[in-house]
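First the structure, in the form of structure tokens, and then the observations on it.
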2 protein chains.
Amino acid sequence: MLSERRAAILRLIVSDYVESAQPVGSENIVRRHQLEVSSATIRNEMARLEEEGFILQPHTSAGRVPSDRGYRYFVEYLMPDEDLALQEKRRILHQFYQATSEFHEWLGLAASVLARSVRNIALVTEPSEPGARVKHVQIVFLTETSALLVAVLQDVKVRERVMTLTEPVDQETLTQVASRLNDALRGADAPALVHAAHRLEGLEGQVTETLLRIVEEEDAGQHVHAHMEGVRELLAQPEFHPSEKMLSLMDVLDERRLPQALPIRELPEHGVAVVIGREHSQERMREFSLVLARYGAADGPGGCVAILGPTRMQYGRAIATVRYLSEIVTGLMERLYAS
Amino acid sequence: MLSERRAAILRLIVSDYVESAQPVGSENIVRRHQLEVSSATIRNEMARLEEEGFILQPHTSAGRVPSDRGYRYFVEYLMPDEDLALQEKRRILHQFYQATSEFHEWLGLAASVLARSVRNIALVTEPSEPGARVKHVQIVFLTETSALLVAVLQDVKVRERVMTLTEPVDQETLTQVASRLNDALRGADAPALVHAAHRLEGLEGQVTETLLRIVEEEDAGQHVHAHMEGVRELLAQPEFHPSEKMLSLMDVLDERRLPQALPIRELPEHGVAVVIGREHSQERMREFSLVLARYGAADGPGGCVAILGPTRMQYGRAIATVRYLSEIVTGLMERLYAS
DNA sequence: GGTTAGCACTCTCAGGGCGAGAGTGCTAAC
DNA sequence: GTTAGCACTCTCGCCCTGAGAGTGCTAACC
């Protein structure tokens, strides 16, 4: 434990440094906080604090900076037990009342509020539970030899998977299978599914095994998705030496509507479109170039493959790669929608 | 149209500048490409190119840099019609054979391959189709007064939504409603749903309206999600003046397993955990701090709310905000799982 | 013994000066 | 139309310097 005075000094160093991002010196500390002692005394104490590893000096003749250990001590013993002002709480809560009622979007909102509130990166993960269980199953006809398995898990999570079938079936059969499995597998977790998979045969067995794989992946936390916000806030902090151009890129990326900003509709049927710098309709994109291509069948569903970079770009290579990947994805999709 | 020689010079300027990120000068251009003419000639031509707006000078006595118009001309007329080497194509294709068979993940893979291949940001959107149609509907019992609507759209997209019901129902009823709606609404698009919503009453009407809202949102492209990769690649380019610390942050973020890296299991039931700098088990996180809290009921599903930033952080504020938001999310979740 | 004034010392940082280097445009001759 | 030559401009890296900030030590003081 630190003596009371040393602790007080450490507290001041931490809070000043957090605020200014500048190493804090003994002289400054007395001046800013009107301490009753002289800077020499502070210096003596600081020397001790440094010996014990709570603070460190970037170089001689610089002020002190808290070490990890210093921060830890601060968090553990020195930090005022802060709580948000009532007003701020109300402001935050308010935003949740206005939003949609989709839980998923609430999480995104939480991340966004958090990031803006503390000017750092905020992460909010989707909920998950160790022992995933099947709540409901549905199988949808796609083609004669493929079907979409939709599984609702106990914690209101929906997982889907395309299955390739060994023999042709119709929706009627699929619905019946789903109905039987719903009775048999309600509330089943991984071990129960293993058991059931041994017992069941044919289509039912195949579906059960797919369910098992879904549940196992869930248990392994493989698909835990996190909403991330505030990268721009963080990179704007002085320790990252932010450059003008970098921040303007971050602005473009933080824009939630980036995918919508892609001029997909204007794409030629085949081939690659290039938008360079000031040709962009959006102000923010004026420093960047975009190389993009559509994928998917001409009259069917489709999306786009794109590259975003500075106007200084290897256009030839970019175009060739975008084109090739859009072809690959188109191929994959044809296989999925089958024929 | 540019004269042949001027076009050739523009091409050299573009390709040299793309490679080096340095303004290119007349002397250098003749030396590097062993031109038959002198630098003075090049200078004359360059002066013309600048007059016509194809290139520009950052300042007197700097070399020339292509303008947006210059790049455009390059892309339109000067660019060699590049195609990827067969070997490279094979390398790319190979990765698609190894991966899972989930279309969604293929798109992520495409983005990742693209980003690494051209060292820029890659975007790949999920497929979408202008006139969304309902393919299959399922309704899952959650609580007496809430149900989960799962809709499969024509283009194999699954959308879910929690519905609050006006009167208590059981799974039996829900299944019947779903079955009737599946017959009535197969292949329905937005206008058809509007029509049906008018005709149908009670629970069926409510579900149809929810479906309508889902389809409308889909048509508006509101949920077009894009896989984004390669932010780090791009920020490492010289025009962004990348700093050491920034790149190390990007490394942490590009790590796909970031959510898994959060030590959720070790979280206390209530309260907030703080991990500072070198306390992290992961090498890469050593320069950063993490403030995190669990949300969700103690024995039910849950996730985590976290802040990631440099060790220089307003811990007090961060802790208070994380705590408050985890409480809010916990509350929302309780309402969802109801009681 | 703790505190402090005084002081010599160290190191960074911003600014100025300077020369090298790169690049330009112009002119006159080929 | 091309080019050698030249004067000119501007950046950039380097060095130097002085100011400023900060430190540790010592000796005196309470």
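Only a predicted model underlies this, so the values are computations on that prediction, with no experimental measurement involved. Proteins get letters first, then strands, A, B, ... in listed order; numbering begins at 1 in each.
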*Taking for each residue the nucleotide of DNA chain D with the nearest heavy atom, is it Glu50(A) or Glu45(B) whose nucleotide lies nearer the 5' end?*
Glu45(B)

*Indicate yes or no: at least one non-hydrogen side-chain atom of Glu82(B) is less than 4.5 angstrom from one of Gln314(A).*
no

*asked:* Both distances below 3.5 Å, Watson-Crick or wobble geometry, any strand: find the nucleotide opposite dA28(C).
replied: dT3(D)

*Across all strands shown, which nucleotide pairs with dT9(D) by Watson-Crick or G-U wobble geometry, both distances under 3.5 Å?*
dA22(C)

*asked:* Can you say whether a donor on the side chain of Ser61(B) sits under 3.5 Å from an acceptor on the base of dC10(D), or the other way round?
replied: yes

*Of all the choices, dA4(D), dT2(D), dT23(D), which nucleotide is nearest to the side chain of Ser38(B) once you look at every atom?*
dA4(D)

*How many Å lie between CD1 on Ile42(B) and C1' on dT3(D), as a whole number?*
12 Å

_Polar side chain donor-acceptor pair, Arg64(A) to Ser26(A), under 3.5 angstrom_ = no

_Nearest-angstrom distance from the residue atom CD of Gln57(B) to C1' of dT24(C)_ = 7 Å

*Round to a whole Å and report the spacing from CZ of Arg48(A) to P of dT23(D).*
16 Å

*Would one find a side-chain N or O of Ser26(B) under 4.0 angstrom from OP1 or OP2 of dG23(C)?*
no

*Counting side-chain heavy atoms from CB outward, which of dG25(C), dG22(D), dT2(D) is closest to Asn28(A)?*
dG22(D)

*Charged N to carboxylate O below 4.0 Å: is that the case for Glu27(A) and Arg31(A)?*
no

_Using OP1 and OP2 only, check whether a side-chain N or O of Ser39(B) sits under 4.0 Å from dG23(C)._
no

*Give a yes/no answer on whether the side chain of Arg5(A) brings an N or O atom under 4.0 Å of OP1 or OP2 in dT3(C).*
yes

*asked:* Side chain of Thr60(A) only, heavy atoms from C-beta on: which candidate in dT10(C), dG25(C), dT3(D) is closest?
replied: dT10(C)

*Tell me which nucleotide among dT24(C), dC11(C), dC10(D) gets nearest to the side chain of His59(B).*
dC10(D)

_Ionic contact status for Asp83(B) with Lys89(B), cut-off 4.0 Å_ = yes

*Taking atom types as modelled, find out whether Ser117(B) and Arg317(A) have a side-chain donor-acceptor pair closer than 3.5 angstrom.*
yes

_Nearest-angstrom distance from the residue atom CG of Asn44(B) to P of dT2(D)_ = 9 Å

*Should Arg91(A) and Glu88(A) count as an ion pair when the cut-off is N to O under 4.0 Å?*
yes

*Does OP1 or OP2 of dG22(D) have a side-chain N or O of Arg31(A) closer than 4.0 Å?*
no

*Determine which nucleotide pairs with dG2(C), using a 3.5 Å limit on both distances of a Watson-Crick or G-U wobble pair.*
dC29(D)

*Looking at every strand, decide which applies to Glu36(B) at a 4.0 Å heavy-atom threshold: base, sugar-phosphate, or nothing.*
sugar-phosphate

_Nearest-angstrom distance from the residue atom CD1 of Ile13(A) to P of dG22(D)_ = 12 Å

*If you check the Arg43(A) side chain, which of dG22(D), dC6(D), dG24(D) turns out closest?*
dG24(D)

_Spacing of Arg6(B) atom CZ relative to dT2(D) atom P, expressed in whole Å_ = 11 Å

*Could you state the atom-to-atom distance from CD of Glu27(A) to P of dT10(C) in whole Å?*
20 Å

*Distance in angstrom units between Ile9(A) CD1 and dT23(D) P, rounded*: 11 Å

